[in-house]
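Here the structure is laid out as structure tokens; the discussion comes afterwards.
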Amino acid sequence: MLDKNGIAKRIAKEVKDGYYVNLGIGIPTLVANFVRDDISVEFQSENGVLGMGPFPFEGEEDADIINAGKQTITTLPGASFFDSALSFGMIRGQHVDLTILGAMEVAENGDIANWKIPGKMVKGMGGAMDLVASAENIIVAMMHTNRAGESKLLKRCTLPLTGVQCVKKIVTNLAVLEVTPEGFKLLERAPGVSVEDIKQATEGSLIVEGNIPEMQL
Amino acid sequence: MLDKNGIAKRIAKEVKDGYYVNLGIGIPTLVANFVRDDISVEFQSENGVLGMGPFPFEGEEDADIINAGKQTITTLPGASFFDSALSFGMIRGQHVDLTILGAMEVAENGDIANWKIPGKMVKGMGGAMDLVASAENIIVAMMHTNRAGESKLLKRCTLPLTGVQCVKKIVTNLAVLEVTPEGFKLLERAPGVSVEDIKQATEGSLIVEGNIPEMQL
Amino acid sequence: MIKKTVADVSTALKGVEDGMTIMLGGFGLCGIPENAISELVRLGVKDLTCISNNAGVDDFGLGLLLQKRQINKMISSYVGENEEFERQMLSGELEVELTPQGTLAEKCRAAQAGFPAFYTPAGYGTEVSMGKETREFNGKMYVLEEAFKADFSLVKAWKGDEAGNLIFKGTARNFNPSMCGAAKITVAEVEELVPAGELDPNEIHIPGIFVSRIFQGKDYEKRIEQRTVRKRN
Amino acid sequence: MIKKTVADVSTALKGVEDGMTIMLGGFGLCGIPENAISELVRLGVKDLTCISNNAGVDDFGLGLLLQKRQINKMISSYVGENEEFERQMLSGELEVELTPQGTLAEKCRAAQAGFPAFYTPAGYGTEVSMGKETREFNGKMYVLEEAFKADFSLVKAWKGDEAGNLIFKGTARNFNPSMCGAAKITVAEVEELVPAGELDPNEIHIPGIFVSRIFQGKDYEKRIEQRTVRKRN
């Protein structure tokens with residue numbers, strides 16, 4: 001079973017040389033820490049920066065340079081700043097190669113819900129609806145089950161949707177899964193996790209074909 | 001009767017303090033020479049400059065700084081350069097206060113034709129269709145008749161249209177006219193031109209009410 | 001040169017009235033028009049509809065207007081950092097229209113550039129598209145979204161000149177440029193106001209034609225929401 | 001940093017084939033991709049559809065491609081400075097689609113930014129709107145125009161860096177920024193190519209994400225179409 005850093009580490013392997021990547025808040029943000037050094041990747045943040053670097057050294061924070069999580073950041077050589085309209089032009093125009101974001105629920109048809117729990121929590125969708133409606137390549141990073149132990153990989157989402165039929169891949173604390181027309185196809189097991197464990201934790205249709213390898217981290 | 005400079009001089013009186021103005025090619029370009037010194041006006045050129053100044057001194061031409069007529073220009077303090085999309089955002093968004101352009105024909109309902117003579121001359125509309133479809137305030141600068149002596153102020157345009165019901169005012173070598181729901185309303189006569197002369201040269205409905213004053217230049 | 005400078009924030013906000021729709025630049029607390037927000041609080045105008053990506057925090061940014069119940073309706077994409085906001089929203093005191101961030105930006109830009117409406121894929125199949133026209137282009141579904149209509153646009157820039165030209169800094173740029181000229185009156189406050197001619201015409205982010213009034217801002221707090229740092233080795 | 005630099009114009013234009021649709025930046029002869037145009041002539045590719053605001057003059061710019069009959073169709077707003085063009089058009093050898101200039105710019109920007117189509121007032125009631133959907137918004141009529149689809153976009157910038165970031169100069173900016181990322185492959189040629197980090201991130205007009213390949217251009221002629229000057233007193 002993986003912790004948050006483990007999920008981020010596994011997702012980092014999906015990041016290829018030459019990719020522009022948008023990382024959502026939470027686990028996705030951690031992915032940047034695990035991307036191989038020998039490939040070229042640029043991180044975009046939808047509030048208007050491309051080429052994000054690590055957090056600033058203490059005392060060097062600049063209130064005018066933040067990411068979409070409102071965290072102070074730095075930029076790397078080759079970075080650029082731009083306005084929100086151009087930023088979503090990058091996203092909508094599919095210039096960003098990979099979007100990694102969290103979710104409350106994912107359905108077997110690729111629907112995703114992550115912005116609202118009616119009557120309870122309404123933080124808003126931020127840029128998530130634009131990202132999931134636009135990106136060709138969307139990976140969801142999340143725990144396989146919620147705090148009540150209920151599956152977050154469902155036949156159908158129960159919460160208000162963020163986007164329809166858009167999620168391509170899911171990396172959880174238990175598994176790597178691909179969204180296919182037939183349902184969630186199990187690709188890899190987390191270390192120490194059995195196929196049976198994953199079946200138990202998955203409400204949506206789970207497709208298990210042949211031997212399922214353990215993740216290489 | 002006015003010459004081209006006379007037409008430009010009369011139109012310059014329509015340019016008010018605080019106006020952003022787009023000048024078309026030909027007579028409209030001359031208007032800039034006659035705007036009063038004691039008012040603040042900025043000239044926009046749709047190829048991407050606001051705050052145009054006079055032509056450069058000999059030897060100071062910069063191939064990268066031109067107006068929409070492809071003429072070398074200079075800029076004044078407070079000028080800015082921008083791309084074509086933003087430039088037409090200014091125009092379409094009605095931030096430009098006044099558009100002055102030439103025409104081959106104007107109809108009594110405000111239609112204008114100035115970009116094509118089928119089978120003969122097709123230079124293209126350039127930015128004219130955007131300008132006439134967007135601007136609140138459009139003045140046409142032209143000769144009252146064509147080289148064959150035929151009226152250019154018509155009941156209906158015969159040439160392919162540039163825009164519909166958009167011209168507000170017309171200044172010709174003979175007169176100043178306003179486009180009204182009833183037709184061309186004669187406002188002023190050019191020096192030495194009679195109302196009868198103008199009637200003769202106008203094919204569209206001409207409205208003459210009361211005494212028509214001579215232009216003050 | 002058409003001069004846009006006004007003496008101070010009070011002059012700049014002349015004409016703001018109860019019930020108006022006001023756009024405010026900024027992302028989180030980054031690049032918000034601090035001086036203009038303070039003046040709105042001072043003026044005590046109420047029943048405002050505010051268009052702003054976020055709603056500030058409890059005691060800063062738009063949170064100051066929420067505290068005083070000056071806002072009737074918020075149009076935002078993300079409002080997660082403000083407890084008073086959440087309380088007013090869940091209790092029904094505050095009307096909230098949540099809009100995808102890219103759609104929010106483009107609704108500003110459409111208003112600026114004279115586009116009445118546009119098609120975006122964002123929100124298709126979600127409750128955001130309910131009651132809106134949807135349409136297929138090249139096998140993909142899109143939602144028709146309309147341009148905003150607003151009375152005032154309040155933006156913050158880094159440098160500006162007398163002609164109203166603006167230059168923004170870093171990610172404090174965000175929604176500010178697209179909001180310029182997107183309302184009937186655009187008010188820009190700047191950290192540094194310079195005479196016309198001092199800014200390079202090539203480096204201007206927003207030409208002055210989109211700005212109605214500009215003033216020299218003061219006392220910028222520039223609060224940081226998430227101060228994240230790393231240790232020096 | 002994702003490196004976009006290629007050695008020369010030949011490498012940059014790899015993949016250009018007969019029958020392709022190519023966008024070219026520039027207004028008149030100002031800001032045109034001179035090196036890329038020369039390479040298209042050298043390659044001898046034909047049956048091209050060219051999207052460019054103008055068509056050059058008889059012996060420069062796109063006029064060079066017209067001379068060699070490499071262009072099948074032109075999509076432009078104004079073509080008045082080219083006699084060979086007018087001859088080919090009136091004789092029917094060359095297909096021409098005249099498009100209002102603002103519409104042309106926005107069709108590029110729509111392709112760049114993932115908008116399938118947009119509504120513009122330009123051309124309503126004229127032959128430009130024939131066969132196109134028209135629609136009323138707020139009492140005004142608009143024409144639905146679709147985003148361009150192109151294989152290559154060839155642009156020219158003043159400065160650029162290894163990451164593909166671009167800065168344009170003066171009115172040589174024009175259509176170039178909106179064409180970046182508006183085709184499958186965007187090739188930028190620059191007067192000055194610098195290492196990543198030398199350009200101020202705040203001053204970049206087009207981020208490198210919109211640029212596929214960048215190269216150091218050479219031998220710029222920068223011909224002036226209308227040399228207008230005034231005498232010194």
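Lettering follows sequence order; numbering is per chain, from 1. Predicted model, so just to flag it, every value in this text is computed and none were measured.
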Using a heavy-atom cutoff of under 4.5 Å, enumerate the residues of residues 71-97 of chain B that contact chain D, numbered in order, or state 'none'.
B:Q71, B:T72, B:F81, B:F82, B:D83, B:S84, B:A85, B:F88, B:R92, B:Q94
Between B:G48, B:G126, B:P160, which has the largest tally of heavy atom pairs under 4.5 Å with chain D?
B:G126
Residue pair D:R230 / B:F57, side-chain heavy-atom distance below 4.5 Å
yes
Heavy-atom pairs under 4.5 Å with chain B - which of D:P121, D:G28, D:C108, D:A55 has more of them than the others?
D:P121
What I'd like to find out is whether the side chain of D:E127 reaches to under 4.5 Å of the side chain of B:W115, using heavy atoms alone.
yes
Enumerate by number any residue of residues 60-67 of chain B whose heavy atoms lie under 4.5 Å from heavy atoms of chain D; in the absence of such residues, state 'none'.
B:E60, B:E61, B:D62, B:A63, B:D64, B:I65, B:I66, B:N67
With a strict 4.5 Å heavy-atom criterion, list every residue of residues 13-43 of chain B that contacts chain D, or say none.
none
Is a salt bridge present between D:R232 and B:E58, judged by a nitrogen-to-oxygen distance below 4.0 Å?
no
Flag the one option from D:R109, D:M141, D:K140 with the top tally of heavy-atom pairs under 4.5 Å to chain B.
D:K140
Top of D:N174, D:I224, D:N53 for chain B proximity - count of heavy-atom pairs under 4.5 angstrom
D:N174
Measuring from B:K123:NZ to D:N54:CG, what's the distance to the nearest 0.5 Å?
12.0 Å
Heavy-atom pairs under 4.5 Å with chain D, option from B:V49, B:T162, B:V122, B:L131 with the top count
B:V122
Heavy-atom distances under 4.5 Å only: say whether D:E225 touches chain B with side chain, backbone, both or neither.
both
For chain B, which residues from residues 95-106 of chain D have at least one heavy atom closer than 4.5 Å to it?
D:L98, D:T99, D:P100, D:Q101, D:G102, D:T103, D:A105, D:E106
Below 4.5 Å, heavy atoms only, C-beta onward: do D:Y78 and B:K70 meet side chain to side chain?
yes
